[in-house]
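Letters go in sequence order (proteins before strands), and every chain restarts at 1.
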There are 2 protein chains.
Amino acid sequence: MPTPKAVTTDDASLVETVYQQVLERIVAGHLPCGSVLSELAVARELGVSRTPVHDAVRQLAKDGLVAWEKGRRARVTAFTPDDVYEIFEIRKYLEGPAAELAAGRADRRHLVPLRATSVVLLSNRDDPEWTAKWADFDEDFHRTIAVASGNRRLAHEINRYRVIHKAINRIATDPELLQHAMTEHLAILDALEARDGPLARERMIAHITTWQDVFMRRVPWADQSAPAAPPSPFRESKSAGPPTVRDPRK
Amino acid sequence: MPTPKAVTTDDASLVETVYQQVLERIVAGHLPCGSVLSELAVARELGVSRTPVHDAVRQLAKDGLVAWEKGRRARVTAFTPDDVYEIFEIRKYLEGPAAELAAGRADRRHLVPLRATSVVLLSNRDDPEWTAKWADFDEDFHRTIAVASGNRRLAHEINRYRVIHKAINRIATDPELLQHAMTEHLAILDALEARDGPLARERMIAHITTWQDVFMRRVPWADQSAPAAPPSPFRESKSAGPPTVRDPRK
DNA sequence: CGATGGGCGATTGCATGCAGTAGTGATGCA
DNA sequence: TGCATCACTACTGCATGCAATCGCCCATCG
């Protein structure tokens, strides 16, 4: 079969397509955390050769979503509580300043659509697809602020961590929680519109902390299928400090 | 020739080896910014096949050191002044908190060697290899603080930006400048040893700002070989804001 | 009955082939 | 003489082959 079955209506390279496909599968919960990621299996499933899959897996490894085992096998990263804590910390370091910058460079073109969408979202609270729409808005919200910061590389880094965030976010279904998050979003928007940088920063950090607490408390990874020692990149690098239980916050 | 000429005394994968080799060449100034990066040429030069080179180039692209052109050609990233500014900003966002965290978790095992090395370095100021040793120390200094932060992912990200930093750092030869940097290093060490987080953070940010200013002022990329519109990743993504000359600082 | 070693299967790393495409140089026309 | 078009070349993307390695399973031994 020289011509594969054309995974999608390709406009980009196959590698990019495979990357997106695998990423989607990880985020969606297929390819559960800790499961081995067989290049051959993925290639067969997507109807492509192993080469682009190989490349895509390496990309995912760079993103920290896939961990190389000591051999040459790749596993979907199983995030430890430490990982989750660290990821949210870094999000604060990145998105806090981004919010502050965005307040200074605030552009109506950025902010107005966000507020409009949020208003719509708050009024149609019994929409059956409300959760999905909320997720879209959340995505849009953080991405817009990142872009509005004016620092393209910062936006790029924030986006990288949003991707990771999506991979560990399987619990955001509690309506009350989402409602609370929406309140925080609006508070941040207020600060942005008022061009109050420090306030925007503070509220963004508080917002991320809220979610950090939620994730750290619910600990959904504890009762996952993963047996005992789930793999994770950035783990085996340093043989230094013991993996002590981390203090909740500074 | 089934067995290539063994680039190095390989212990890791070929891809990793090639990655390091190319990275080194970029940092060293061979493979100047803006030059096309031919997979075939690299493969021939290193005596390996195209496959591992292809993988390595993709990795470098993920790191932002290589930019894909519209076709499928890769070029060594030519950093614009905007890029350099942004990179240093992000370094502040990452290394500032890292310093603060490191102050809180400060471990003698981390700090003592740093101070020892710095003392040696300050006494042998007429060592012919002083500049090289200084660079090593600088590397060690920032990496140690990153690790001492306790946030492994943060350390990883800081390291990523150190790599980029090395790629654009071709001017750090002014002894007076290095001397000044050493002073700042010591000031940061003082704060760390005093376990004063906020002060360490502040001094780290000031330190990075110093270098940011130096890089922005000397503008070494202006008289480089690159003709006019040097390519850079993260550039063509958004068609939004005009690439206005950036304000020096916030 | 549990642990350890050997054999087998599966999978990955690297090399190479093929085809498509972009870049480049030459040539012809205005 | 300058510009546009065309053909050629070279390089990259993807597929596939080969060999090495790793994991797993079973058999044998303590």
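Interatomic distance, CG of A:Asn159 versus CZ of A:Arg153, reported as 14.5 Å (0.5 Å rounding).
Looking at every heavy atom in both residues, A:His110 comes nearest to A:Leu114 through O-CG, 3.7 Å.
Below 30°, between 30° and 60°, or above 60°: for B:Trp211 and B:His165 the angle between ring planes is above 60°, a perpendicular geometry. Below 30°, between 30° and 60°, or above 60°: for A:His185 and A:His142 the angle between ring planes is above 60°, a perpendicular geometry.
Computed from coordinates, the A:Leu14 CG to C:dG20 P distance equals 14 Å when rounded to whole Å. Atoms CG (A:Asp55) and P (C:dG13) sit 11 Å apart, rounded to a whole Å. Distance CD (A:Glu69) to P (D:dT21): 18 Å, rounded to an integer number of Å. The CG-P distance, from A:Leu46 to D:dC14, rounds to 13 Å in whole Å. If you measure from atom CZ of B:Arg50 to atom P of D:dC11, you get 10 Å, rounded to the nearest angstrom. In this structure, A:Arg44 atom CZ and D:dA15 atom P are separated by 15 Å, rounded to whole Å. The OH atom of A:Tyr19 sits 19 Å away from the C1' atom of D:dG13 (whole-angstrom rounding). For A:Arg75 and C:dT12, the CZ to P distance is 12 Å, given to the nearest whole Å.
Each of C:dC14, D:dG13, D:dC14 was ranked by its minimum atom distance to the side chain of A:Thr51; first place goes to D:dC14. In this structure, of D:dC14, C:dA15, C:dT11, it is C:dA15 that holds the atom nearest to the side chain of B:Pro52. Distances were taken from every side-chain heavy atom of B:Trp68 (C-beta onward) to each of C:dT11, D:dC14, D:dG13; the shortest belongs to D:dG13.
For D:dT12, its base never sits under 3.5 Å from the side chain of B:Ser38 at any donor and acceptor pair.
Taking side-chain N and O atoms only, B:His54 has a distance below 4.0 Å to OP1 or OP2 of D:dG13. The side chain of A:Ser49 places an N or O atom within less than 4.0 Å of a non-bridging phosphate oxygen (OP1 or OP2) of D:dA15.
With ring centers used as reference points, B:His54 lies 6.0 Å or more from A:His54.
Residues B:Asp63 and B:Tyr19 form a side-chain contact, since some pair of their non-hydrogen atoms from C-beta on lies under 4.5 Å apart.
Note on A:Glu95 versus A:Arg91: salt bridge recorded, some NZ/NE/NH1/NH2 to OD/OE distance being below 4.0 Å.
Rounded to 10 degrees, the angle separating the terminal helix axes of the helix from C:dC1-D:dG30 to C:dA30-D:dT1, each built from five base pairs, is 20°.
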